[in-house]
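Down below is the structure, laid out as structure tokens.
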Amino acid sequence: MIRDEIGLMVAQAAEAAQEAGDLPAVALPEPAAIERPQRAEHGDYATSLPLRLARAARANPIDIGEVLAKHLPASDKIERVEVVPPGFVNFHLSQSWLTSQVDAILTAGATFARIDIGRGQKQQVEFVSANPTGPLHAGNGRWAAVGGALVRVLRAAGYEVEAEYYFNDAGTQIEVFGRTLYARYQQLFGRDAPVPEDGYAGAYMIELAEQARDKLGDSMLRLEGEPAPEELTTFGVEHVMDWIRSDLGRLGVEYDTWYREQTVYESGNFDKVMAMLRERDLVVEREGAVWFATSQMDADKDEVLIRSSGLPTYLSTDIGYHYDKFVRRGFDRVIDIWGADHQGHVRPLKLAVEAMGLDPDRLHIIIGQLVTLKRGEETLKLSKRSGDVVTLREVIDEVGVDACLYFFLSRSADVPIDFDLELAKQQNAENPVYYVQYAHARIARILDNAGDLAQNVENADVGLLTHEAELSLIRKMLVLPELIETVARKLEPHHLPYYAQELATSFHDFYEKCRVLDEEQPQLSRARLKLAAAAKSVLATTLELMGMSAPDKM
RNA sequence: GUCCCCGUAGCUCAGUGGACAGAGCGGCUGCCUUCUAAGCAGCGGGCCGCAGGUUCGAAUCCUGCCGGGGACGCCA
């Protein structure tokens, strides 16, 4: 990346200046911070190193800047370096290098976005992981969009990433689900079997029961008063998992692993980690339950691991699950995406990771604020327990996959979302997603219409690209690798849609100001065709990272 | 009461400690006989919640307060 090259040049200049005695031997920040100035006249890149060094060096920032500039290695990529008050050094890229990047981008294709900050480090991203007790709702869709984008970006950044979905296939909720399904199933056969009070009231349970009847006939009926047959529960769970897989697939999310909760026990990891906690004297028994003595660590209260009923809690299972992630499967880092309603769970789990003798920083938990689904002024419940569920499927059907992804991706995980179904439908046509896709479609049309001008385009001279709009578009394309780095480091995919929009703006501006197909200027036309093709490639790559389509026609 | 997140334009939101705070939507004015007007150009709009502090420099970091959301269960 050119930004890193400039950073290196600045660092070299500082060292050279110190060797030459032009700059006192003060500690240099590592790495030298290179910024992108907000204003174009301040150049493509800038460093405030002189301002940072001024105090320690007991020198005027401007003088330090001049010294740095003097010792900068020569580069044909840099047109001009200027030192300006209060102490910035600004770098202007050379036009010839900029235009040469059009060829570079075209050659690189989709790999243009690839960087290698990950160096093959093994990471896992676990997201959505909703219980298979009902269809996904709109809130789940948010984390599908965010998790999917994160996985793709981390891969582009050079990490070896595994996407995982963790689901309960046993436990309290599944048991309740099974009882509800059995009640609905019996009702289909005329039995007076009420839905349990704590059961799942949604209409989808009736649909599920009907499917069970169609597939299994009356074979699941048991004598009055007998519990729900396990086979029926399993049938229901598998069916719901099919719904979930299908919804996630529509949002472009593909998991590498579907991890069953039971595996935590079957693998023996649960017992291992519990034994480990006992060995470290972090387990106490009290009031008939088994507790994780987090109060001995960095918490104000203990947490229950094994209930007095003998059943493990969600927390203890999760501890076993994370032991499995780190120790058995050997991930260097694990990223979990959780809703804000699970935030209280972060501290104890991190303490457990620490108690395993691991660095808790290897567990990164993204706490995402919740989605409130609305229809106009009315707030809709997202709970599967209540009858009124607005499913993710309905939302996708109403709003569209791409608009849905774009909307969910556009907001930082730190802010709660009000998802208004009415508004989403209304705004459908004005959704910024179409602005981005439109740019891509426009380019596709130009390339289609090129006719004879398309001949010999690969040999076109990109040096003919001198218009301000052309150069701005190239500059904007060059941001993508830097964006990948930002998103990967901060784990914030919401920067993607903003970049996509800026890139589209740069293209639309170019489109207005520079006619691409012009028989009277064939050489220039061919150079512009190249630029357009490069822009198409970068737009498509960006859309792909977000899981969205890049249409050739709109 | 304790803990987490948020407070930026009329609305929805961006904004790695840097140079004059941005976008979309909405409002107003213009631009289609040349590659898609799902586009472009322009105008208007801001004590960056409030008060202190740190810093050469704060929307950004720290403290306190106010306002909104969330968590504090032998549910998940």
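Residue numbers start from 1 in every chain, and the chains themselves are labelled A, B, ... in the order their sequence lines are given, proteins ahead of strands.
Put simply, CG on D336(A) and NE2 on H342(A) are 10.5 Å apart, with the number rounded to the nearest 0.5 Å. In this structure, N131(A) CG and F177(A) CZ are separated by 10.5 Å, a value rounded to the nearest 0.5 Å.
A straight line from CH2 of W291(A) to C1' of G73(B) spans 10 Å, rounded to a whole angstrom. Here A14(B) presents its P atom at 17 Å from CD of Q38(A), a figure rounded to the nearest Å. Per the geometry, CZ belonging to F177(A) stands 21 Å off P belonging to C75(B), to the nearest Å.
Between the side chain of R445(A) and the base of C35(B) there is no donor-acceptor pair of N/O atoms closer than 3.5 Å. For a distance-only test at 3.5 Å, the side chain of N90(A) qualifies as a donor-acceptor partner of the base of A19(B). No donor-acceptor contact under 3.5 Å links the side chain of T313(A) to the base of C74(B).
Using a cutoff of 4.0 Å between basic side-chain nitrogens and carboxylate oxygens, R278(A) and E285(A) are scored as salt-bridged. Taking 4.0 Å as the cut-off between side-chain N and carboxylate O, K350(A) and E354(A) do not count as a salt-bridged pair. The pair R3(A)-E5(A) does not meet the salt-bridge criterion, since no charged nitrogen lies less than 4.0 angstrom from a carboxylate oxygen. The pair R347(A)-D300(A) fails the salt-bridge criterion, with no side-chain N (NZ, NE, NH1 or NH2) lying under 4.0 Å from an Asp/Glu carboxylate O. Classification of D302(A) and R286(A) as a salt-bridged pair holds, one side-chain N sitting under 4.0 Å from a carboxylate O.
Note on ring orientation: taking the six-membered ring where Trp is involved, the planes of Y259(A) and Y321(A) are tilted (angle from 30° to 60°).
Here Q501(A) lies in heavy-atom contact (under 4.0 Å) with sugar-phosphate atoms only. If you check every strand for non-hydrogen atoms under 4.0 Å, V84(A) touches a base. Counting any heavy atom pair closer than 4.0 Å across all strands shown, V516(A) reaches a base atom. As judged by a 4.0 angstrom heavy-atom cut-off over every strand, R489(A) is placed among residues making no nucleic acid contact. Using a 4.0 Å heavy-atom distance criterion, D552(A) is classed as a base contact. Among the heavy atoms of the strands, none lies under 4.0 Å from P61(A). L517(A) comes within 4.0 angstrom of a base, heavy atoms only. Across all strands shown, Y498(A) has heavy atoms under 4.0 Å from sugar-phosphate atoms exclusively, and none from any base. Here E41(A) lies in heavy-atom contact (under 4.0 Å) with a base. Using a 4.0 Å heavy-atom criterion, one finds that Q437(A) contacts no nucleic acid atom at all. R411(A) comes within 4.0 angstrom of the backbone, heavy atoms only, and of no base.
Nearest to the side-chain atoms of D414(A) among the listed nucleotides C74(B), A71(B), C5(B) stands C5(B). For A289(A), the listed nucleotide lying nearest its side chain is C74(B); candidates were C74(B), U12(B), C72(B). The listed nucleotides are A76(B), U16(B), C35(B); the one nearest the side chain of N168(A) is A76(B). Of the candidate nucleotides A19(B), A14(B), C3(B), A19(B) has the atom lying nearest to any side-chain atom of F88(A). Nearest nucleotide to the side chain of K490(A), out of U16(B), C20(B), A19(B): U16(B). In this structure, of A19(B), A14(B), A76(B), it is A14(B) that holds the atom nearest to the side chain of H495(A). Nearest nucleotide to the L370(A) side chain, out of C6(B), A41(B), G70(B): G70(B). Among the nucleotides A76(B), A38(B), A19(B), the one closest to the side chain of A46(A) is A19(B). Looking at the side chain of H42(A), the nearest of the listed nucleotides U16(B), A19(B), G15(B) is A19(B). The side chain of Q343(A) approaches C4(B) more closely than any other nucleotide in the set C74(B), C4(B), C13(B).
Side-chain nitrogen and oxygen atoms of R52(A) include none within less than 4.0 Å of the OP1 or OP2 phosphate oxygen of G57(B). A sub-4.0 Å separation between OP1 or OP2 of A37(B) and a side-chain N or O of H508(A) is absent. The side chain of T172(A) contributes an N or O atom lying less than 4.0 Å from OP1 or OP2 of A76(B). For K513(A), no side-chain nitrogen or oxygen approaches OP1 or OP2 of C40(B) to under 4.0 Å. Look at R307(A) and you'll find a side-chain N or O under 4.0 angstrom from OP1 or OP2 of A76(B). In terms of phosphate contacts, Y435(A) brings a side-chain nitrogen or oxygen within less than 4.0 Å of OP1 or OP2 of C40(B). Regarding contacts with the backbone of G15(B), a side-chain N or O of H494(A) is found under 4.0 angstrom from either OP1 or OP2. Dashed line: the shortest gap from a side-chain N or O of Y511(A) to OP1 or OP2 of A37(B) is under 4.0 Å.
Residue order along RNA chain B, read from the 5' end via each residue's closest nucleotide, puts K553(A) first among K553(A) and I306(A). For R36(A) and G288(A), each mapped to the nucleotide of RNA chain B holding its nearest heavy atom, the one lying further toward the 5' end belongs to R36(A).
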Decide side chain to side chain donor-acceptor pair (under 3.5 Å) for Q437(A) and D402(A); before the verdict, give the C-alpha distance in whole Å, the side-chain angles of both, and the deciding distance to 0.1 Å.
CA-CA 10 Å; Q437(A) 292 181 323; D402(A) 289 336; 2.9 Å; yes

Could you walk me through whether E82(A) and H92(A) pass the side chain to side chain contact (heavy atoms under 4.5 Å, CB included) check?
CA-CA 8 Å; E82(A) 52 193 14; H92(A) 299 258; 2.9 Å; yes

Going through the distances and angles, do E35(A) and T47(A) end up as a side chain to side chain contact (heavy atoms under 4.5 Å, CB included)?
CA-CA 6 Å; E35(A) 305 153 14; T47(A) 180; over 6 Å; no

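Rounded to a whole angstrom, the distance from the P atom of G22(B) to that of C3(B) is 37 Å. Remark: the separation of the C1' atoms in C65(B) and C25(B) is 34 Å, to the nearest Å. Rounded to the nearest Å, the gap between the P atom of U55(B) and that of U16(B) is 23 Å. Only the C1' atoms considered, G10(B) is 8 Å distant from G45(B), to the nearest whole Å. Using atom C1' as the reference point in both G17(B) and C61(B), the two lie 8 Å apart (nearest Å). Rounded to whole Å, the P atom of G70(B) lies 50 Å from the corresponding atom of C31(B). Straight-line distance between the P atoms of G7(B) and A14(B): roughly 8 Å, to the nearest whole Å. When the C1' atom is used for both U34(B) and G42(B), the distance is 24 Å, rounded to whole Å.
Annotation: cation-pi pair R442(A)/Y511(A) present, NZ/CZ under 6.0 Å from the ring centroid and within 45° of its normal.
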How does RNA chain B read in dot-bracket, base by base from 5' to 3', with Watson-Crick or G-U pairs under 3.5 Å and | used when the partner is on another strand?
(((((((..((((....[...)))).(((((.......))))).....(((((..]....))))))))))))....

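Annotated as anti: C20(B), whose O4'-C1'-N torsion sits more than 90° from 0.
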